[in-house]
Amino acid sequence: MGPRNLLEIEAFVAVAETGSVNRAAIRLNLTQPATTRRIQKFESAMGSTPLFDRTVKPAVLTAFGAHVLEHCRRVLAAVAELETCGNSRENISGVLKAGIAFGLEETLLSSPFDMLRRTFSRIKLDVTSDWSKELMEDVQTGSLDCAVGLLMPDQAGSLHLLQTPIGIERILVVTKAHQHNLGNERSYRLSDLSHQPWLLNPAGCGCRAALLSTFDRLELPIQIAAEVFGEDLQLSLLAQSGGLALAPQRQFENSPYREALEVLDVSDFDLCATISLMRHPVPGRFNTALNLMIEELQSAI
DNA sequence: TACCCTCTCAGTTGTGCGGT
DNA sequence: ACCGCACAACTGAGAGGGTA
């Protein structure tokens, strides 16, 4: 088997894992016909037993295909391992497509990415921000090589991704300091806060979804006064006009508005998110770089 | 050795077909 | 009507061989 067949194996694994030639093509940075052709060559090289059942739509792996897939994954993992041991850091090159969850950019991004640029001079970084849920899907489809996400408890462990926990982030309920209409309680319940104006991120934000789902479970109404993108802007508005907002603890502690804000102890809303680095389970060419990035992230927290 | 021609391979665009 | 897939035709890069 020459290196050409390795490309066909990658195409087969991509189609099997994404469930679609189109999505596989996106993962492989190819057009759909090119991906189809690689699959066809691989299938013909594997003999007459079909790898996909195309009588159903979308096509699914046959039992033989599933068997072959496991072998292919082992081959790709072995090749990645071989490349890792053969490559010096200076020789690892290419565009590393990384995602970072909204809200984590400023607190987490600088140190690990500085390290990558220093250590792997031939890696070009392509960094995008999005909600964690979207980032997970992008890593799953291969549009991203890795992503640092803020995962809610119900998101951790979902999808077939390798998730390395970096740290825990407590999500705080924050209000303007000395806000009179909340009284001077030491602890609140969500029922005390359901008629207060909330400033929340737009739909797509995991923290918002967790809060709304808790209100829903308790059958309480919630008054969303404004949908404001980004915790920085929310905290700024909160400091001026009052209301309630959610904020990751690190972001709150680093906020210039911190002195004008206070954290509420809400006894029936205790949300902790996991900061995780997500990547594909099959090690790729950036495996060494990602392992170092994890160490840097863990020391940055 | 340098240049040119030919062939092969892997990619793209354009398009048609079938299923939902 | 739209989407996903496969096929046909075309293109560009690279390898290999022949010739001056």
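Side chains included, hydrogens not; waters and symmetry mates left out as well; all remaining heavy atoms used. Below, chain A is the first sequence line, B the second, and so on; all start at residue 1. Please read all numbers here as calculations on a predicted model, not as lab measurements.
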Query - Derivation and outcome, salt bridge (charged side-chain N to carboxylate O under 4.0 Å, His left out), residues A:E70 and A:R74 - result: CA-CA 6 Å; A:E70 288 314 306; A:R74 285 203 287 274; 5.2 Å; no
Without decimals, in angstroms, what is the distance between [X] [atom1] and [N] [atom2]?
{"X": "A:Q32", "N": "C:dA8", "atom1": "CD", "atom2": "C1'", "value": "13 Å"}
{"X": "A:L30", "N": "C:dG12", "atom1": "CG", "atom2": "P", "value": "19 Å"}
{"X": "A:R37", "N": "B:dC9", "atom1": "CZ", "atom2": "P", "value": "10 Å"}
{"X": "A:I39", "N": "C:dC7", "atom1": "CD1", "atom2": "P", "value": "13 Å"}

Requested in this report: Salt-bridge test for A:E43 and A:R38: reply yes if a basic N is under 4.0 Å from a carboxylate O, no otherwise.
Outcome: no
**Report entry** Polar contact flag, side-chain donor to acceptor under 3.5 angstrom, A:Q32-A:T36
**Finding:** yes
Query - Distance-only side-chain donor-acceptor flag, A:S255 / A:Q251, under 3.5 Å - result: no
With a 4.0 Å cutoff (strictly under), does any side-chain N or O of [X] reach OP1 or OP2 of [N]?
{"X": "A:N22", "N": "C:dC5", "value": "yes"}
{"X": "A:T31", "N": "B:dT12", "value": "yes"}
{"X": "A:T36", "N": "C:dA6", "value": "yes"}
{"X": "A:S20", "N": "C:dC5", "value": "yes"}
{"X": "A:Q40", "N": "C:dC5", "value": "no"}
{"X": "A:R38", "N": "B:dG11", "value": "yes"}

